[in-house]
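Read the structure below first, then the notes.
As a basis for the values below, the full set of heavy atoms in this structure was taken, side chains included, without hydrogen atoms, waters or symmetry mates.
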Amino acid sequence: VKMDARHLPEPCAEKRVRIVGSELVESYTVYIIEVYVGDHSWTVKHRYSDFHDLHEKLTVEKKIDKHLLPPKKIIGKNSKSLVEKRQKELEVYLQTLLSRFPASTPKVLSNFLLFHLYEISGIAAALAEELFHKGEQLLAAGEVFLLRPLQLYAVTQQLKLAKPTCANGDAKADLGHILDFTCRLKYLKIPGMKAAVGTSNIEEQSLPFDLSIFKSLLQIEISDCDAGQIKGLPSLKPTLATLSIHLSASSMKEILVPEASEFAQWEPEGVDTDCPVTAIIPTWNMLTTLDMSRNFIRCIDESVKLIPEVEFLDLSYNELSLVENLQHLYNLVHLDLSFNKLTVLEGVHTKLGNIKTLNLSGNQLETLSGLSKLYSLVNLDLSSNKLAQLDEIKNICTLPCLEKLSLADNPMCIIPDYRTKVLAQFCDRASEVCLDGTTTTEKELDTVEVLKAIQKAKEAKDRMANNEKKNDFCFPSVSLSEITTCKEKAFITKEILTPVDSTLTQRCYDVYSSACDIIPQVGFPCCCEEEWKHWTANLSNLFVPPPLLSYATTNQEFTNQLSAHISQANIEESTPIPCKTTTLEGTDQGSPQSGDGYFEMTIDDTNEIMGCSSSSTIQENMPDDVKKESAIDNVKMVVWSLCISVGEGLSQRPSCLVATDSSLVVFHTRSEEPVSTLEELIENLETDLVVPYTNIETFQFDIPEVCLSFKVKSSNTRWFFFSGAQSLKEMHSCIVPHVDQTNEQVLNSSNTQVFIRRFLNSWDFEESEGSVKGGHLIHFLDLDSSTSDKNVANNPQFPKNSATLDVLSQIGLFESGQSQTSNPMILFLTSRHLCILKVDFVTLASRDPSEASAMRSCSKVTRIPLSFTLLDPKQDCSCRAVSDSRRFYNEHVVELMAGHERLTVVFALPQDKFTFQIEFTQLRSNLREIKTIALQRTKKGHLKVHSCPAPATATERIPTSSVPQEVPRPHLTLSLLYPAKSLIQQLMEDNQCPSHFSLSSSLLLISSLKGDQLVHFFHDNIAEMENEELKHILWTSVLFYRSPDVETTACVLLSTKAIYFVLDDTHKDTDFLFSFCFTLKLKDLQSVNVGLFDQYFRVVGPSADHIISCLTRDGYGTHRFLQQLMMVLSLLEKVPSPEPSELDFYSQFGNKSTGKMENYELVHSSKVKFVYPSEEEIGDLTFIVAERKTPQAPSHSFNILLYVLVFQVHVVPGQTAQNQTVLQPKTLILTSTDVFLLDEDHISYPLPEFAKEPPQRDKYRLTDARRIRDLDRVLMGYQTYPQALTLVFDDVPGPDLLCHLTMDHFAESDGKGDRTQGVGGAEGEVQWCIFVPGADSRERLISLLARQWETLCSRELPVELTG
């Protein structure tokens, strides 16, 4: 029964009980009691024993008559007659009790009838007693307190009653406890419910309650209540900061202005108005957060005038269809309007002036036109709307502060390369925008750069076409995109260019300065043009000129003229034109590309990205007369590619593959000069083949995503086409439906990874190889063969190779001695190898195309490890002339160092070179193994620093990298290129190589670097990641876990992203020193083990290859490195989530720590563990040296005073004076009575987690031991070895050393030989020549040794200076 809230129980409301029945539960009877208080009723169940317990308590507390309760029955207590009789008697009993206590019901009776759950007096008393016990603790804890509407209703009604606050005489139940608590409570939650409460007929939604008893509330949350029943909300205005209302309101007005129901005309306080008003309403001055999500609100009404201070407004999951009235919220920063019914957003900027976060997800938006002026917007969520057109992004791409954008679950998300196409519209801000929660990758940024350049070229071309004006400037062979870019960036001069500028900007400067001739050039002769002139002329048929790529499917004018050209050719030639195999000698079609970067698609695809129409749309927009002509044979798709045709012989040339409605057409350009206009291109197009689809025998992929081939019926010629993967796929899907292939070859591989795997043994292709990248058509150049150009043959940049690299001989690059270029090959990249696929196209063409194994039998794959392959680091040409030869080299040629030999590679497609360079650099930086590096040097042996010739007025420029500019190096900020002087000074101090290291040429070169040279050397030759800063240099000996016996010298470079170990070199070139470098990225670092007395440390990564011990043999050096490492790791600590925390800022800031120590392990905040020596490790070492003592030795006097890593110097007879000594690594232990020398395993312990068995060697192996009392003298000086100490012992074993220590254990050791060698060696003496690298350790050893010797011998230790 739903009870009307207006019928409230009166103070004297009649209380009635009725026992309506009983039920048998197990072996006893339960009586069902219905309790009525006013209009409220509920059900209670009790057995007779409960009645008996109640009666016992009432007889004691209230002196009730003992015989009032019906007596017990033992026999037949569950009989029907007895139960019915007892039911009536118990009902009379309860009625008697209620009439006995009309004003205040005793507590035991109240609990028995559940008054504390359903009756207002009982509810209020129970709440008061709870707060009496726990109120202070709850207030002190500052937690959210939960009150149900029924409890608030009870308190509200109790306060209206004219009776004492403690009617039943129990002080704990006094109503004052509730009022005291509510006056001080700060955080309140009121959760209602729609159903009836418990077993009662009470519905909380209908109960009115008053909130005016709360005087200090900061935050309140109300759910599932009727807004009309909430009284006293305006009384919270002085303190309330956060208000949350859910499932309770149908309008904002009934919550924010409940007075509006009484006053028709009202205005907020402080507003001047000429209109007559009936009420002035105070504003919510303290309210900053309003959450009215999940209500039934249909409009944002004028009540928002009363909340001028609100910063966070959540109106999600309502029924809003318009955004209005929000202009009154001047402080609004975060707005959530998600999951409403919004369809348009017109003029939103006039209502949301300072908005930073806007959530519009889950609406029905189809356009974003209203968001274009929200200039302060940082975060925008548009997911789950109806946005289908990429053009809509133009409305938000100019917002200057936008950082996070979500477009997930919109129709536009199914567009191919949707992310790249969206980011491209943000232009220069693409790197700053986080789309759909994913940070923009380098690969995407490179693609965006390309799309930007292409779009600029298209816009410029459209402008020129509209104006019908020709450019008066002379730009020899410069593509349109570069003209546009250079015009916009003409202010860039060489004086202000730095390596920070992008490659595109650098090249804009090149074109501008040479073509426009604004900046005077210094008269240096250009070597590149002479060097490559011969190659440019002879290789013109091996690559596709970049300008041709702009004439694509999306170029409407080009496709129209091409259709007419094909129609004319069909009229003139009734039969297919045979393939011509003439070589285009002397052609120079090179031109600078429209932008550097990563191409995932060809330019005809990317034009479509920027909003161009598809072919179907083009046809719809054509004039009627053109439409009729094109209907004859409309061009569906155009792909520029490199074509290899095999008929009577093999010929190669750039070709245009055109798919029309009915036929396939192959063109080539017969012009020997680069084309500059569309008319010139059409005139120079020569038809190679026109074949109807019905005459095509096969049309298939021979190499997935790389090579398409087709064969015409009744013809022996086979055509192979190489182009971008996306273009080939689209061409294949366009033509295949029209071709009747009864025996089409089914490729065994759907992608290049599976294709390459077919050529390798199962053990060659590792699981870690991952995806295969590339598929670039290339040719190798033989720069050493005799040429007609003397500059090429005699140029020192291309030295004669006396011995060909084994890999090259395996590939079989050059078929004959006269050939200067190799057969076409395909280049692939895996995660660890450079794969070269050599295809015999002549044999392949003779095989049946439907044969699945044809490609496998006609091809061979050769793999070169990436770790031993380098982009040739020779100095890039410093000239700035944009010649044809220079452009050809920049856009198509890559020089590689495979091992120590050079490979010159020509890429057929212009985008392939840059794609390859980026993929190569990325894969090589991800290698987890030792890699080769090349250091360029001058004749004097110093690291070469390059500079470019500058104009006469130019200032000195920053030295550039030794790597050519187009090679993708990590991006650098100005702060990295210009480090603080203090850092450079510190790096110079760190770059002090200890004298005992014998350095190889490359390490010697590094040790000689000073000042800025160190920073430039690091960024040019070592750094692999973005914004990486060199922080510390350490010269040390290192041990690798894989080779624990080989101790080698290394220069350890610590950056903000990785630890680099530069190792010895093994090869010297005329211009370079080749060395090896191992990289351990800090994100892979798991733990650092610190040795005893900080003498060494071990870094541990994810595998056995990543475990390296650095034997610094210097406590200060170890301490400095670990200090810098911890500081760098702190920078990598993950940023905390932006969600608001329960704790305030100051307490969080005070409690923050960088790490915690547990069991000698410092767990850094970056999760890297720093493990320090434990007492157990000291104990193990003590035990090893103590077991050589006799049991009679007093154990309490035995302790380790010093642990130090040293070298034992051995003089090798018969050697030259310069190499007469050999340093043998040892560990020296000094105790209170003895000196020990040990061999120690520094790399295997503690055991790594993946180790399945203990190492073959023990950690410590004792090699020699002497008593301090047997020390005769100490020799110091330079005679044996500089800075070495010679300890001379009497060869008389004392009683406390076991005999087998010197006889058995050292029978085959060096200790015996030492007895007659060394300075002043005499019979009966043993000499230890010890070199301690660390100066502080050396002084400490001498002082401790002297002190212990003086303690044992009661006189000073004799020290003699020699040499």
Gap between atom [atom2] of [Y] and atom [atom1] of [X] - 0.5 Å precision:
X: F51; Y: E89; atom1: CZ; atom2: CD; answer: 11.5 Å
X: L152; Y: I123; atom1: CG; atom2: CD1; answer: 10.5 Å
X: I178; Y: L127; atom1: CD1; atom2: CG; answer: 4.0 Å
X: Y317; Y: H246; atom1: OH; atom2: NE2; answer: 12.5 Å
X: S223; Y: L247; atom1: OG; atom2: CG; answer: 7.0 Å
X: S244; Y: L290; atom1: OG; atom2: CG; answer: 7.5 Å

Discussion item. Using side-chain contact (heavy atoms from CB on, under 4.5 Å), reason through F132 and F181 one step at a time and then give a plain yes or no.
Written reply: CA-CA 9 Å; F132 172 78; F181 180 82; over 6 Å; no

Response to the item:
Sorted by chain and residue number, the side chain to side chain donor-acceptor pair (under 3.5 Å) partners of E346 (sequence neighbours excluded) come out as S369

Identify the two heavy atoms, one from [X] and one from [Y], that lie closest to each other, and give their separation to 0.1 Å.
X: L365; Y: V344; answer: CD2-N, 4.0 Å
X: F214; Y: L236; answer: O-CD2, 3.5 Å
X: Y118; Y: H40; answer: O-ND1, 4.2 Å
X: S22; Y: V83; answer: OG-CG1, 3.3 Å
X: L315; Y: L337; answer: CB-CD2, 3.9 Å
X: Y36; Y: S41; answer: CD2-CB, 3.6 Å

Worksheet item: Has K186 got more than 12 heavy atoms of other residues, nucleotides or ligands less than 6.0 Å from its NZ?
Response: no

Worksheet item: Heavy-atom count around E143 CD within 6.0 Å, excluding the residue itself: above 12?
Response: no

Using side-chain heavy atoms (C-beta onward) and a distance below 4.5 Å, is [X] in contact with [Y]?
X: D180; Y: R184; result: yes
X: P234; Y: P282; result: no
X: E129; Y: H177; result: no
X: M286; Y: K237; result: no
X: K107; Y: E61; result: no
X: Q95; Y: V17; result: yes
X: D336; Y: F312; result: no
X: D291; Y: T242; result: no

Worksheet item: Stepwise, does the side-chain contact (heavy atoms from CB on, under 4.5 Å) test hold for T43 with L114?
Response: CA-CA 9 Å; T43 302; L114 300 185; over 6 Å; no

If only atom types and distance count, is the side chain of [X] paired as donor or acceptor with the main-chain N or O of [Y] below 3.5 Å?
X: D224; Y: P191; answer: no
X: D314; Y: S316; answer: yes
X: Y31; Y: E91; answer: no
X: E204; Y: L150; answer: yes
X: T182; Y: I213; answer: yes
X: N359; Y: S338; answer: no
X: D174; Y: G176; answer: yes
X: T239; Y: L217; answer: yes
X: S206; Y: E203; answer: yes
X: N295; Y: S293; answer: yes

Worksheet item: Which one of L240, V144, I220 satisfies the side-chain contact (heavy atoms from CB on, under 4.5 Å) criterion with L188?
Response: I220

Discussion item. Going by side-chain contact (heavy atoms from CB on, under 4.5 Å), P149 matches just one of I190, I230, I222, D226. Which one?
Written reply: I190

Contacts under 3.5 angstrom, residues 324-335 side chains, donor-acceptor by atom type, not counting sequence neighbours:
from: N325; atom 1: ND2; to: I300; atom 2: O; distance (Å): 2.7
from: Q327; atom 1: OE1; to: N325; atom 2: N; distance (Å): 3.4
from: N331; atom 1: ND2; to: P308; atom 2: O; distance (Å): 3.0
from: N331; atom 1: ND2; to: E309; atom 2: OE1; distance (Å): 3.4
from: H334; atom 1: ND1; to: T357; atom 2: OG1; distance (Å): 2.9

Worksheet item: Is D53 paired with K57 through a side-chain N to carboxylate O contact shorter than 4.0 Å?
Response: no

Worksheet item: Would you call the rings of H55 and Y93 parallel, tilted or perpendicular, where under 30° means parallel and over 60° means perpendicular?
Response: perpendicular

Practice prompt. Quick one: sort the F112 and H46 rings into parallel, tilted or perpendicular, breaks at 30° and 60°.
Written response: parallel

Item to complete: Given side-chain contact (heavy atoms from CB on, under 4.5 Å), test S321 with R298 step by step and report yes or no.
Response: CA-CA 7 Å; S321 57; R298 297 194 172 188; over 6 Å; no

Worksheet entry | Worked verdict on Q157 versus V155 for side-chain contact (heavy atoms from CB on, under 4.5 Å) | CA-CA 5 Å; Q157 296 304 315; V155 174; over 6 Å; no

Discussion item. Evaluate E366 against K386 for salt bridge (charged side-chain N to carboxylate O under 4.0 Å, His left out), listing each step before the verdict.
Written reply: CA-CA 5 Å; E366 297 180 0; K386 296 182 179 180; 5.2 Å; no

